[in-house]
Amino acid sequence: MYQTISTQLENNILTITINRPEKMNALNQQVLADLALAVDEVYSNKQIKGAIITGAGEKAFVAGADISEFLTLSDKQGEELAKKGHVIFKRIESSPKPIIAAVNGFALGGGCELAMACHFRIASENAKFGQPEVNLGLIPGYGGTQRLTQLIGKGKALELMLTGDMINATEAQAWGLVNHVLKPEELLPKAISILQKIQTKAPLAVARVIKCANAALDKDQDGFELELKEFGACFATKDLQEGAAAFIQKRQANFTGE
């Protein structure tokens with residue numbers, strides 16, 4: 001089904017692995033197409049409760065875009081390529097099911113942008129982050145100028161994007177770019193552990209939290225108004241009745257997503 005990624009569904013968690021280790025898992029148009037299909041699967045498959053995106057091998061999550069594809073593109077074609085990336089990464093960001101980036105090495109350029117599109121990031125100790133596009137006469141084109149600024153603030157984001165420098169995992173955690181830094185062998189188990197904990201929560205509430213948190217960064221939405229609406233909508237769900245009853249009865253809730 002896929003040419004450049006592999007997937008594994010286990011215990012309601014879909015692990016999506018960018019599988020071009022010989023190219024440091026660089027993003028090309030085929031990777032973007034495969035990734036779009038995998039994200040569609042996250043949305044449509046009821047067995048999937050959450051997803052992990054990671055890279056094959058020990059060196060790279062995604063070490064940027066496939067630069068060889070850029071040499072023949074016109075300005076309009078470049079814009080169209082960026083639009084494809086925007087659509088796919090926005091779909092990741094908007095997923096009602098949590099998607100974690102397990103960053104296992106270099107996350108540069110489009111790779112950093114992919115990680116930032118996920119709901120949050122965890123990183124191995126050898127991870128490196130950066131937006132070095134200015135070294136190529138480019139700017140980040142898959143949402144990087146916006147998401148990096150939102151995540152770490154304008155000053156730090158501009159320094160990274162204008163110098164093309166990389167930061168290590170410890171710096172990325174200190175700057176708020178990643179939630180956890182782990183030994184490489186602990187990375188996927190930690191991502192799975194987080195998703196398994198989220199799976200015990202009410203799925204409709206989880207989706208609404210993601211929706212409202214995204215609205216906080218969307219200038220076209222009033223996040224407070226959306227929160228009011230989504231909070232009220234929870235009262236029409238069986239999950240709220242179950243959650244409240246379980247709390248009163250001091251037992252584990254059995255949420256059904258209804």
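Not measured: the values here are computed from a predicted model.
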Does Phe89 share a hydrophobic cluster with Met161, counting links as ILVMFWY side-chain heavy atoms below 4.5 Å and allowing steps through other members? yes
Side-chain touch Ile88/Arg91, heavy atoms, less than 4.5 angstrom: no
Is there a side-chain contact between Lys49 and Ile198, using heavy atoms and a 4.5 Å cut-off? no
Stepwise side chain to side chain contact (heavy atoms under 4.5 Å, CB included) test for Val134 and Ile139: CA-CA 6 Å; Val134 290; Ile139 69 170; 5.5 Å; no
When you measure from the side chain of Thr149 to the backbone of Lys154, do you find a donor-acceptor pair of N or O atoms at a distance under 3.5 Å? no
Assess whether a salt bridge exists between Glu159 and Lys156, defined as any Lys/Arg side-chain N lying under 4.0 Å from an Asp/Glu carboxylate O. no
Backbone N/O of Pro189 and side chain of Ser193: donor-acceptor pair under 3.5 Å: no
Test item: Asn104 side-chain N/O and Glu58 main-chain N/O as donor-acceptor pair under 3.5 Å: no
Here the gap from Ile53 atom CD1 to Thr17 atom OG1, rounded to the nearest 0.5 Å, amounts to 10.0 Å
Answer yes if the side chains of Ser124 and Asn126 hold a donor-acceptor pair under 3.5 Å, and no otherwise. yes
Starting from the C-alpha separation in whole Å, work towards a yes-or-no answer on salt bridge (Lys or Arg N to Asp or Glu O under 4.0 Å) for Glu227 and Arg208. CA-CA 8 Å; Glu227 181 185 280; Arg208 287 183 168 120; over 6 Å; no
Might you work through the side chain to side chain contact (heavy atoms under 4.5 Å, CB included) test for Ile16 and Thr54, ending with a clear yes or no? CA-CA 6 Å; Ile16 302 166; Thr54 194; over 6 Å; no
Which heavy atom of Ile18 sits nearest a heavy atom of Val31, and at what distance? CG2-CG1, 4.0 Å
Indicate yes or no: does Glu242 engage Arg251 in a salt bridge with an N to O separation below 4.0 Å. yes
Nearest 0.5 Å, please: how far is CD in Gln8 from CG in Asn11? 9.5 Å
Should Val103 and Val178 be marked as a side chain to side chain contact (heavy atoms under 4.5 Å, CB included) after you check the CA-CA gap, both sets of side-chain angles, and the distance that decides it? CA-CA 9 Å; Val103 180; Val178 303; 5.7 Å; no
What distance separates Leu14 CG from Leu9 CG, expressed to the nearest 0.5 Å? 6.0 Å
Does Ser74 offer a backbone N or O that forms a donor-acceptor pair with the side chain of Gln77 under 3.5 Å? yes
Under a 4.5 Å cut-off applied to non-hydrogen side-chain atoms, are Val206 and Lys201 in contact? yes
Considering non-hydrogen atoms only, spot the tightest contact between Ala26 and Arg20 and give its length. O-NH1, 2.7 Å
Under 3.5 Å, is there a donor-acceptor pair between the side chain of Lys97 and the main chain of Val42? yes
For Phe70, which residues count as a ring pair (Phe, Tyr, Trp, His ring centres under 6.0 Å) partner, sequence neighbours excluded? none
Closest non-hydrogen contact found for Glu93 with Asn214 is O-ND2, 2.8 Å
Are Leu182 and Ile192 linked, directly or through other ILVMFWY residues, by side chains that come within less than 4.5 angstrom of each other? yes
Applying a strict under-4.5 Å side-chain criterion to I, L, V, M, F, W and Y, I'd like to know whether Phe120 and Ile92 cluster together. no
Nearest heavy atoms of His180 and Gln173, plus distance in Å: CA-NE2, 3.8 Å
Is Ile5 linked to Ile52 within one hydrophobic cluster, defined over Ile, Leu, Val, Met, Phe, Trp and Tyr using a side-chain heavy-atom separation of less than 4.5 Å? no
Could you tell me whether the side chains of Asn19 and Ser6 share a donor-acceptor contact shorter than 3.5 Å? no
Quick one: CD1 on Ile122 to CG on Leu188, what's the gap to the nearest 0.5 Å? 7.5 Å
Just by distance, do the side chain of Arg121 and the backbone of Ala101 share a donor-acceptor pair under 3.5 Å? no
Atom CZ of Phe224: over 12 foreign heavy atoms under 6.0 Å: no
dist Thr237:OG1 -> Glu258:CD (nearest 0.5 Å) comes out at 10.0 Å
Contacts table for residues 106-118: side-chain donor-acceptor under 3.5 angstrom, sequence neighbours left out:
residue : atom : partner : partner atom : Å
Glu113  : OE2  : Gly141  : N            : 3.3
Glu113  : OE2  : Tyr142  : N            : 2.8
Glu113  : OE2  : Gly143  : N            : 3.4
Glu113  : OE2  : Gly144  : N            : 2.8

Over all heavy atoms of both residues, which pair between Ala215 and Gly223 is shortest? Give the atoms and the distance, please. CB-CA, 4.0 Å
In this structure, CG of Asn168 is separated from CD of Glu171 (nearest 0.5 Å) by 4.0 Å
Within the distance-only criterion (no hydrogens, no angle test), does the side chain of His119 pair as donor or acceptor with the backbone N or O of Ile100 below 3.5 angstrom? no
Does atom CD of Gln47 have more than 12 heavy-atom neighbours from other groups under 6.0 Å away? no
Heavy-atom side-chain proximity of Thr7 to Tyr2 below 4.5 angstrom: yes
Would you indicate whether the side-chain heavy atoms of Ile194 and Asn179 approach each other to under 4.5 Å? no
So if you build clusters from Ile, Leu, Val, Met, Phe, Trp, Tyr with side-chain heavy-atom gaps below 4.5 Å, do Val87 and Leu37 land together? no
Please report the shortest heavy-atom distance between Phe255 and Pro203, naming the atom on each side. CB-CD, 3.9 Å
Decide side chain to side chain contact (heavy atoms under 4.5 Å, CB included) for Glu230 and Leu226; before the verdict, give the C-alpha distance in whole Å, the side-chain angles of both, and the deciding distance to 0.1 Å. CA-CA 6 Å; Glu230 296 297 339; Leu226 181 63; 3.8 Å; yes
Main-chain N/O of Lys183 paired to Glu186 side chain as donor or acceptor, under 3.5 Å: yes
Check: Ser95 side chain, Pro98 main-chain N or O, donor-acceptor pair, under 3.5 Å: no
If we only count heavy atoms from C-beta on, is the Met1 to Asp34 side-chain gap below 4.5 Å? no
Do any N or O atoms from the side chain of Asn12 and from the backbone of Ile48 form a donor-acceptor pair under 3.5 angstrom? no
